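Everything numeric in this text was worked out from a predicted model, so none of it was measured.
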Amino acid sequence: SGYWRSFGIDPTKAGRITLGPRFRYAKGIRNAEELDVATGVVWSRLGANANRRAEKFTATHTFTAAYLKFNLKRIGKPGDLTVRLRQDNAGNPGTIMDTATYAQTSAPIRDEKIAKVTLAGSIASGTSYWVEWQGSVNNDSDNCMMIKASTDATNGKHSANGTTWSASG
């Protein structure tokens, strides 16, 4: 039968034996980067005056980025969320490498979700980059997106215009 010692068979239904699911295997180890949040995280509102938040990371692998996952929740009815991958410019977010939009209707109200957007870019090992989240300029404290962000003032920045950046913390 090909089932060694009944591995993968579900015999729990009376009178039937159901073959188990087909196993799927990954193609191997994938390169990924994770932001170091050892100093702690907070929910950061993307609204009103500081509608942009950026987090810095230094790549440990060389690869082509395909997507970004991040923690998110929605308060009220904000505008869509813009996410950018940016180069580092002397410790601040620099040239935009790619931009994606996350529809506010995809985010649950007040419940946390791991959101995913398609962001592409060539990432070089040892090089610093920034991920920027921008809420709508019409957002306020009752209608905004919130992301989980680091409390590290060195690697976290906020901005109202995307040009002048201040340390977050």
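- Of the possible polar contacts, none joining the Asn71 side chain to the Ile114 backbone as a donor-acceptor pair under 3.5 Å is found.
- The backbone N or O of Glu132 sits nowhere less than 3.5 Å from a side-chain atom of Arg52 that would complete a donor-acceptor pair.
- Note that CE of Met145 is 6.0 Å distant from CD of Gln104, once rounded to the nearest 0.5 Å.
- The CD1 atom of Ile147 sits 12.5 Å away from the NZ atom of Lys73 when rounded to the nearest 0.5 Å.
- Taking each heavy atom of Asp88 and Lys56 in turn, the nearest pair found is OD1-CE, 4.0 Å.
- Summarising the geometry of Gly79 relative to Ser136, their closest heavy-atom pair is CA-CB, 3.6 Å, with the distance given to 0.1 Å.
- Considering all non-hydrogen atoms of both residues, Leu81 and Gln134 come closest at CD1-O, 3.4 Å.
- Minimum interatomic distance between Arg84 and Leu119 (heavy atoms only, all atoms of both residues): C-CD1, 4.2 Å.
- With a 4.5 Å cut-off on side-chain heavy atoms, Thr95 and Asn89 do not count as touching.
- Checking side-chain atoms of Arg45 against main-chain N and O of Ser141 turns up a donor-acceptor pair under 3.5 Å.
- Considering OG1 of Thr99 and CZ of Arg86, their distance stands at 8.5 Å, rounded to 0.5 Å.
- Contact check for Leu46 versus Cys144: no side-chain heavy atoms found under the 4.5 Å cut-off.
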The test is side-chain contact (heavy atoms from CB on, under 4.5 Å); show your working for Lys148 and Trp43 and say whether it passes. CA-CA 5 Å; Lys148 258 189 187 168; Trp43 282 105; 3.7 Å; yes

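- Side-chain contact check for Trp133 versus Leu72: every heavy-atom pair is 4.5 Å or farther apart.
- Leu85 places a side-chain heavy atom less than 4.5 Å from the side chain of Ile123.
- Here the side chains of Asn51 and Asn139 are not in contact, with every heavy-atom distance at 4.5 Å or above.
- A donor-acceptor pair under 3.5 Å is formed between the side chain of Thr62 and the backbone N or O of Ser125.
- In this structure, Lys157 forms no cation-pi arrangement with Trp130, as its terminal cationic atom is not both closer than 6.0 Å to the ring centre and no more than 45° off the ring axis.
- Side-chain contact of Asn143 with Asp140: a donor-acceptor pair under 3.5 Å is present, judged by distance alone.
- The heavy-atom pair separating Ala59 from Tyr129 by the smallest distance is CB-CE1, 4.2 Å.
- A heavy-atom distance below 4.5 Å is not found between the side chains of Phe70 and Glu55.
- In this structure, the side chain of Asp98 engages the main chain of Ala120 through a donor-acceptor pair within 3.5 Å.
- With hydrogens and angles left out, the side-chain atoms of Ser159 and Thr164 include no donor and acceptor closer than 3.5 Å.
- Arg53 approaches Ser44 most closely through the heavy-atom pair NH1-OG, 3.6 Å.
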